[in-house]
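Computed from a predicted model, the values in this text were never measured in an experiment.
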Amino acid sequence: MLVANLDKTEKKALRNQFGETLVALGEENQNIVVLDADLACSTQTALFAKRFPERFFNQGIAEQDLMNTAAGLATTGKIPFLSTFAIFATGKAWEPLRNTVCYSHLNVKICPTHSGLSLGEDGASHQSIEDIALTRVIPNLVVLVPADAVETEAAVRWAADYVGPVYIRLVRPNCPVIHDTTRYRLEPYQMQVLRPGTDITLVGTGETVYHALIAAERLATQGIEAEVINCPFIKPLDPHALIESARKTGRVLTVESHNVIGGLGGAVCEALSEQLPTPVKRLGVQDRFGQSGTAEALFAEYGIDSAAIEAAVLAWLPQH
Amino acid sequence: MLVANLDKTEKKALRNQFGETLVALGEENQNIVVLDADLACSTQTALFAKRFPERFFNQGIAEQDLMNTAAGLATTGKIPFLSTFAIFATGKAWEPLRNTVCYSHLNVKICPTHSGLSLGEDGASHQSIEDIALTRVIPNLVVLVPADAVETEAAVRWAADYVGPVYIRLVRPNCPVIHDTTRYRLEPYQMQVLRPGTDITLVGTGETVYHALIAAERLATQGIEAEVINCPFIKPLDPHALIESARKTGRVLTVESHNVIGGLGGAVCEALSEQLPTPVKRLGVQDRFGQSGTAEALFAEYGIDSAAIEAAVLAWLPQH
Amino acid sequence: MLPETSPLTTTTDAVTPHSPLSRDALPTLAAKLRLDILQMIFEAQSGHPGSSLSCIDLLVSLWFAHMRHTAAQAKWPQRDRFVMSKGHGAPALYAVLMEAGYIPKEEISTLRKVHSNLQGHPASRYVAGVDVSTGSLGQGLSCAVGMALGLRLDQSPARVYALLGDGECQEGNTWEAVMSAAHHQVSRLTAIVDRNRLQIDGSTESIKALGDLAPKFEAFGWNTLTIDGHDFDQIHQALMEADRLAESSTRPTVIIANTVKGKGVSFMENQAGWHGKAPNAEQFEQAMTELQATYSRLLAS
Amino acid sequence: MLPETSPLTTTTDAVTPHSPLSRDALPTLAAKLRLDILQMIFEAQSGHPGSSLSCIDLLVSLWFAHMRHTAAQAKWPQRDRFVMSKGHGAPALYAVLMEAGYIPKEEISTLRKVHSNLQGHPASRYVAGVDVSTGSLGQGLSCAVGMALGLRLDQSPARVYALLGDGECQEGNTWEAVMSAAHHQVSRLTAIVDRNRLQIDGSTESIKALGDLAPKFEAFGWNTLTIDGHDFDQIHQALMEADRLAESSTRPTVIIANTVKGKGVSFMENQAGWHGKAPNAEQFEQAMTELQATYSRLLAS
Ligand SMILES: Cc1ncc(C[n+]2csc(CCOP(=O)(O)OP(=O)(O)O)c2C)c(N)n1
Ligand SMILES: Cc1ncc(C[n+]2csc(CCOP(=O)(O)OP(=O)(O)O)c2C)c(N)n1
Ligand SMILES: [Mg+2]
Ligand SMILES: [Mg+2]
């Protein structure tokens, strides 16, 4: 399912893929409408706006209004996709998302871009390191975190078909394409083993999946076989693959561009504690705020890039 | 530390205790100011408003404004306590809480009442079953969930002394007083073993602590010794007592008036997975919305009252 | 709970909307529904009598004389839409929906009980006739704008109504929506503000003064009409005028309806304390006696 | 990061506030700080030039001619307060704070870099002179009201200023605060709206029309003044007038400052595209040439 050569794979921004897929969906389905809150040029919903101006609504800098307008549109049979930065979609509009969209089980797709640390230079106020926790706790909401452009397209298309609220967490930078387009298929609610291994299980979601894969390659040269699992569906989550892997390796390391509290690491700990208690270490933002910097600098500073993953594995595993 | 006879202990509403403690603090410290958002009669900040009208600000039905006004007051050296229902404090004002109060590390105390299912008849739209997850994930924020009026008073007083943002989760109904006032002391960041046991560890927070204690009493008559742990500090959390208990019992059951995702159960799973992987089951709202009903009816319906705890333990433990 | 249906459910059957009641029938019906409201809240021993009595005349006018809709086809695409933005007025809405056939009458005694469809605040998953759940204030007007935008895309003639509390106009989201509606020129949207001058903690003017609401909406680009929200003629005329304005102007219209919180029950009128409190048996009896007297008088006239 | 200090830090030393610059010095200083702004953003290759250039004349007038404050005692309790509600204008604020001695000049090249104090948006934990972190739009005016309430409790004569973007006036929280300020009669609060008629995706009027802002604030009970936000005389007079109104009326005052986004750099002026984009080397050179020319001309005159 993976591309042949990870080191040399092309890069594509998930937000660009998102914008393009929206346009394609717009062609296919008259009911697709798109909303933004004065960030259309950043989130790439501007592509849809250009192609289908009458089905695009820029609600200005008003995120509660954004969410509730989408809710209203959904009641008339439209399929609203909305975007803005993740911190605003989930933070400023949490209550409309919860009480209006999810409680009413409305067919709204919340697809913010610029989640996590890789938003970069804008700094802490704009870096959502909490949105997985914020969305995972809402009943009725499906939470998806695509790892690359291929998965992004599949996720957006899947969300368009699924009836009900879906959250898709996207990021700003160009991300290496890890999935082979021709062989890739989205498996709803499943985790996928992207690379088999026996010594430790690395679980990533979104951007960190690539870093986990690279770390695994480097570890392999040191005689450590890390199994790498991709977790695109944070909720609902069928932990089958995780449990099988943990049974084999006995150690799980989670990696996320998110607070280590309540996010992917939290979901993994909850699943394992219930079904197969296993030692887990969580890489991610260690409960502090983000800061300005390039995506790369921040992934290093906050210890979630491939080097940090490699180091964490080496520190954890018994000496060879 | 516990009262002598749990069955016959008096009841007191945490929100009433909150209101009274605010008045006492207001007498002691001129810098205490209080804010509400048109729920002062429910949250009991009305007591403070009556006594210190010039230091009370009713911001009307405007929760973002409530949070940010408190932030502004804090920058002038005031110690703002704000209240409203938990769903609005954390849901409508999440982003101001995060970006303005916590990122600036302002000395604001967020003390909503009416959290969880026991809010009762108003139903799902008003029942906050997510606020532990929503607050636990914010850096710099201390999260406290008092189990009774005694702990509420201590928590509010502790928050007044602590410099920085504190979230105190309170509830609407009259709650049995479980702590003996004369012997009780708040132990910052610690969990307390309220009842020793060897067969299973029950961890509660807030209202559910009482139910866990009652369940433990009933289980004892059936030959099962449950250790009961109170977790008033959700964050920061020193899991020492939990780890010791889990080492002894090998089984942990968490109980919360909150979604089982990302709350107390999540915090416990994260701590144990890291330090001592142990089987955990989580009682709480099983990722669905609340509904209207009395507090008692809802605790039964959602499986978090003493009977449900007892049943869960009996179902889990090997037959005697 | 209702079975899951697609919002796109359409029908090939001809739909006959509910035929409007005559002007004369409205006060009598409103008087009757006031009895239902009290009944519901008393049996639940919980709920918002003041808020419900304040808006029932407006709801009756809308649902029985003005809106095109039918319980036989609750999801009829051409139906006029209604958003109960002040969701805590649920008993008033439930009384209307029962009368209009959306909710079985026998559910009247289930308000706010476990497993009931009559949730404390109107929930779309539980009750036909409710398109979007409300309860958290400030959100309904944005939802209504979204509905109007969706209907306009479909070239539907349907109108959209939203009922807001006056205290609810303190919510920022309300003003986001006010700005949005004007910008999008959704002239088929009519907002009605239940201007009873009370919120939970006291008078709106003492808590966070709203002052004159009409100039605020005007400054934001709306048509405004101010009426007595208990005068059925004025309500009717305002709704007709809103219809005219929907075609003759590009602006949305707000009806500021001056009302009396607790209207119809002497001891509840204009009392913040009756915002959200159930009467005890004695109070209930007195309230019912008063309401019954009004109802009988209207029936007889 | 700054060391943790209590907001109550007081001092027994006499505090001498920064002495105001003369009217004539202001345009020159603003021209100089425009160079700093461009420098910072170019070195960072990230940041908001249009937004910063739009408000620098207002900031210079406030911080160097009007506000009572001193970098020597950043937490002086009697200081006037300033909230940069449009936090993305951070480079303008940083240029001012550097000039005023709150931030060491050598930090100019650290904007938006890891471990820098010059975060993308002003953060109170990192920079003296910033009382509350901003960046998320819509929140600053409420904070400013809170400050004004706190200062009034302390019977402080300090004034509070908040600078808002015009697009920021689409945020509901802004209107919550507008209503709140009027209700609480915090007349020592002055809001300044940087009315450059642009937001990220285009003109404010095309995205979500703000129309005339003054009547909106008036309808909400504010004094309003409308000026050219690049005319130092008008800015000065408006700030003086706001001072007078603070004592003669019970209303807060808003200054609607008509501005040009990107002001001072020809190719950035009135271009939404320069809202938040760093110039490349060539553009930077052109911009600096233009700004330097203005600065030299003013220095000479
Ligand atoms: C966002 C939000 N905040 C607070 C509440 C609690 N609440 C319920 S009703 C009410 C007062 C409403 O007053 P108003 O809008 O004037 O309605 P009325 O009952 O007077 O018609 C409040 C504050 C709520 N439901 N939603
Ligand atoms: C709540 C929120 N939503 C969105 C953004 C992203 N954003 C940053 S600047 C901006 C446009 C601001 O326009 P305006 O207020 O007119 O400021 P200007 O730069 O024109 O002075 C937006 C939407 C934000 N910072 N905060
Ligand atoms: Mg009212
Ligand atoms: Mg602007």
Side-chain angles (χ1 to χ4, degrees), chain B residues 35-46 49-50 53 56-69 83-93 95-96 114 117 119-128 172 288-302, chain C residues 1 41 44-48 84-88 90 110-126 132-139 164-176 198-210 272-273 275-278:
Chain B
L35 300 91
D36 208 304
D38 195 28
L39 284 164
C41 301
S42 299
T43 65
Q44 302 302 319
T45 60
K50 207 172 159 202
F56 176 76
F57 305 98
N58 198 328
Q59 294 301 107
I61 313 174
E63 291 79 7
Q64 299 194 73
D65 183 51
L66 172 77
M67 189 68 71
N68 283 320
T69 306
S83 194
T84 171
F85 289 180
I87 187 103
F88 306 129
T90 59
K92 278 198 91 88
E95 222 254 356
H114 295 67
L117 290 173
L119 167 138
E121 293 80 356
D122 275 348
S125 61
H126 284 53
Q127 287 158 356
S128 171
R172 174 191 182 212
R288 56 179 177 134
F289 281 103
Q291 59 179 294
S292 292
T294 61
E296 297 71 38
L298 293 174
F299 265 49
E301 167 70 20
Y302 288 79
Chain C
M1 276 226 206
I41 294 174
Q45 273 305 296
S46 175
H48 296 79
M84 185 74 180
S85 193
K86 50 167 274 190
H88 59 284
T110 68
L111 180 71
R112 290 178 164 242
K113 298 194 176 135
V114 175
H115 300 147
S116 164
N117 288 319
L118 305 193
Q119 292 293 306
H121 295 80
S124 62
R125 302 298 301 281
Y126 289 89
V132 67
S133 309
T134 51
S136 173
L137 294 166
Q139 307 193 26
L164 281 74
D166 49 359
E168 191 178 4
C169 295
Q170 292 159 350
E171 276 290 351
N173 193 165
T174 297
W175 296 99
E176 292 178 357
L198 288 177
Q199 51 193 113
I200 290 187
D201 284 336
S203 86
T204 54
E205 306 314 289
S206 70
I207 303 294
K208 199 179 205 178
L210 295 164
H275 166 83
K277 190 175 66 175

Toward chain B, the part of S136(C) with a non-hydrogen atom under 4.5 Å: both
Closest non-hydrogen atom pair, Q199(C) against G60(B): NE2-CA, 4.1 Å
Side-chain heavy-atom pair K208(C), N58(B) within 4.5 angstrom cut-off: no
Value rounded to 0.5 Å, distance of NZ in K277(C) from SG in C41(B): 10.5 Å
Heavy-atom contact with chain B under 4.5 Å, split by part of E168(C): backbone
4.5 Å side-chain heavy-atom contact, E171(C) and E63(B): yes
Non-hydrogen atoms of V114(C) and G293(B) that approach each other most closely: CG2-CA, 3.7 Å
Side-chain touch Q45(C)/E121(B), heavy atoms, less than 4.5 angstrom: no
Region of F88(B) in contact with chain C, defined by heavy-atom distances below 4.5 Å: side chain
Q119(C) vs D122(B) side-chain heavy atoms within contact, under 4.5 Å: no
Spacing of CG belonging to L137(C) relative to NZ belonging to K92(B), to within rounding of 0.5 Å: 8.0 Å
Per-residue contact mode, T174(C) against chain B (heavy atom under 4.5 angstrom): neither
Best-contacting candidate, A62(B), G123(B), G91(B), against chain C by heavy atom pairs under 4.5 angstrom: A62(B)
L39(B) versus chain C, the contacting section by heavy-atom distance below 4.5 Å: both
Within-4.5 Å side-chain heavy-atom neighbours: Q291(B) and Y126(C): yes
Among the listed options T204(C), D201(C), I200(C), the residue most often paired with chain B at heavy-atom distances under 4.5 Å: D201(C)
Chain B contact via H88(C) - which portion, at a heavy-atom distance below 4.5 Å: neither
Considering all heavy atoms, the nearest S292(B)-G120(C) contact: OG-N, 2.8 Å
